[in-house]
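As the structure lists them, so they are numbered: ligands from 1, and atoms in each ligand from 1. All values below come from the heavy atoms of this structure, side chains included, with hydrogens, waters and symmetry mates left out.
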Amino acid sequence: MKMSLDHLVLRFPGPTPLPPSVERAMTLPMVARGPEMTEAIVSLSPKLKPIFGTKQEVAVMSGSGTASMETAIVNVTNSGDEVLVLVTGRFGELYASMCEAHLLHVHVLETEWGEAADPEAVKDYLKSHPNIKAVFATFCETSTGVINPMKDLAAVVHEYSDAVFIADGVSSVGGIAGNMDEWDIDILGTGSQKAMMTPPGLGFVAFSERAQEVAKQVTRGRFFFDYNKYIEQLAEGQSPFTPAVPLLNSLNASLDLMHEEGIENVFARHRLLSDMTRAAFKQWNIPLTASDETASPTITGAKADDFDVEELLAVVKKDFHIAIAGGLGKMAGKMLRIGHMGYCSPADALQYISALEIGLVRIGKKINLGEGIQAAQEVFLSTKKV
Ligand SMILES: *Cc1c(COP(=O)(O)O)cnc(C)c1O
């Protein structure tokens, strides 16, 4: 039977499902440059700031999350500059390749997949490499479900170097407190299609005052991703190039939903989803990729040591139309990843945990029906008191 996409439940770590009001906002009438477009543009940054945890403006550009990261690179580095990329999984690797493509002298400090970057190691590295101009870290490493200690990393970068500290916030911003100003992150970027529960196609990025100064001095050629253009135009109520109007409208709707729920409540909901999901996997004796201390509120990774993960994901998709992701890069075929970010509620967690439990029984894994879902229910009851 061919499944209608209307029935497909996306639990990938992006793109993520859209709330109905966000979907509807995409169909609002088109507007051209003028007061209507200005309203769509200027209403975003004030609503994005508390989500990023910054007083700085947040530039919104057409493109995916990678566009926000490329904006970071081209605005604070000149070709040949030394940069340090903290690689904790697939997305760190991609970042290192992006820096190489921009002809930077790339240093890589790699951590075992499933572990978080170690601020002590970064400190030692910076002490012995005094010319590093920028340090890149993945806030939530989507390939493993690990959160890196951004506050501690930012602190060592600023204490032991003059480098700017750049955070890839794709898959974290919107689901986890960004705290950009408080933690002294210089550049925080993300995309629309993960925790921001907006269709793919927008990148958002904020620069600290330190990064803004560097961006003024950098001489490399840049045009579409010139940060200064976005900020200058934003002050005029404009965007430097024709913005993706339907996406701006849907972003406005999703930001309204987040503020209606309350940003702190949004973050607490993500933490609860992670706790419920992790409780089920622990009950099933399936090892999680991240420790309790480093687990991401937005995505859970689990290792398939004694079952066929592709078979499990196929069964859950066929029987329940729930799409769960497998591993990336060297973890392909060895793990699964559940995105519980953006438009995802505890009811949704009960749904995918229950479906996974049936799937595990179907593929012959020795678990008891009901034990995982019960563990998740207990987490819910102990967290959400009436
Ligand atoms: C998804 C993701 C990206 C890539 O984002 P695109 O929107 O596909 O460009 C980069 N970094 C992280 C951490 C991600 O989760």
Side-chain angles (χ1 to χ4, degrees), residues 10-18 52 59-74 85-102 110-111 113-117 135-150 153 165-176 178 180 185 187-206 224-225 244 247 250-251 254 270 274 289-290 294-301 323-329 331-332 335-342 344:
L10 267 186
R11 291 294 160 222
F12 264 56
T16 60
L18 303 178
F52 276 66
V60 176
M61 62 208 34
S62 301
S64 68
T66 306
S68 74
M69 292 295 100
E70 189 142 7
T71 303
I73 295 178
V74 300
V85 183
L86 308 180
V87 175
T88 52
R90 185 69 190 137
F91 288 98
E93 286 178 356
L94 286 177
Y95 219 53
S97 359
M98 220 193 306
C99 288
E100 266 156 26
H102 281 287
E110 192 160 4
T111 310
W113 285 35
E115 310 257 302
V135 178
F136 300 94
T138 317
F139 191 160
C140 166
E141 179 44 78
T142 319
S143 62
T144 60
V146 166
I147 290 286
N148 279 306
M150 303 313 276
L153 291 171
F165 181 58
I166 301 169
D168 171 350
V170 189
S171 90
S172 56
V173 174
I176 311 169
M180 178 175 154
I185 294 173
I187 302 182
L188 180 59
T190 189
S192 49
Q193 80 280 18
K194 297 197 177 172
M196 302 298 296
M197 54 185 189
T198 303
L202 294 177
F204 324 125
V205 67
F224 192 85
F225 294 133
L247 296 181
S250 59
L251 175 61
S254 74
H270 283 85
S274 163
T289 43
T294 61
S296 169
T298 56
I299 174 210
T300 296
I324 290 171
L328 291 177
M331 289 309 285
M335 67 178 283
L336 61 82
R337 297 175 307 133
I338 304 169
H340 36 75
M341 60 181 103
C344 187

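Counting atoms of ligand 1 from 1 in the listed order, those under 4.0 Å from a heavy atom of Ser64 are 6 (P), 7 (O), 9 (O). Ligand 1 places these atoms under 4.0 Å from at least one heavy atom of Ser171: 15 (O). Here is the list of ligand 1 atoms found below 4.0 Å of a heavy atom in Gln193: 6 (P), 7 (O), 8 (O). Close contacts between ligand 1 and Cys140 involve ligand atoms 13 (C) [criterion: under 4.0 Å to a heavy atom]. Proximity to Thr142 (heavy-atom distance under 4.0 Å) selects the following atoms of ligand 1: 12 (C), 13 (C), 14 (C), 15 (O).
Asp168 places none of its side-chain heavy atoms less than 4.5 Å from the side chain of Phe139. Contact of the Phe204 side chain with the Met196 side chain is registered, since non-hydrogen atoms from C-beta on lie closer than 4.5 Å. Side-chain atoms of Phe165 and Leu153, non-hydrogen and from C-beta on, do get closer than 4.5 Å to each other. The shortest side-chain heavy-atom distance between Pro199 and Leu247 falls under the 4.5 Å cut-off.
Looking at atom 4 (C) of ligand 1, its nearest protein heavy atom turns out to be Thr66 OG1, 3.8 Å.
Taking only non-hydrogen atoms, the option from Met341, Glu141, Lys194 nearest to atom 2 (C) of ligand 1 is Lys194.
Each of Thr16, Thr142, Thr138 was checked for a side-chain hydrogen bond (donor to acceptor under 3.5 Å, both in side chains) with Ser171, and the lone residue meeting it is Thr142.
Geometrically, ligand 1 and Gly65 share a nitrogen or oxygen pair separated by less than 3.5 Å. For a threshold of 3.5 Å applied to N or O pairs, the pair formed by Thr138 and ligand 1 contains no separation below that value.
Within the cation-pi definition used here (under 6.0 Å to the ring centroid, within 45° of the axis), Lys194 qualifies as a partner of Phe91.
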Exercise for review: For Leu94 and Arg90, run side-chain contact (heavy atoms from CB on, under 4.5 Å): C-alpha distance rounded to whole Å, both residues' side-chain angles, the deciding distance at 0.1 Å, then the answer.
Suggested key: CA-CA 6 Å; Leu94 286 177; Arg90 185 69 190 137; 4.0 Å; yes
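Contacts between Asp168 and ligand 1 below 4.0 angstrom, taking non-hydrogen atoms only, involve the side chain exclusively.
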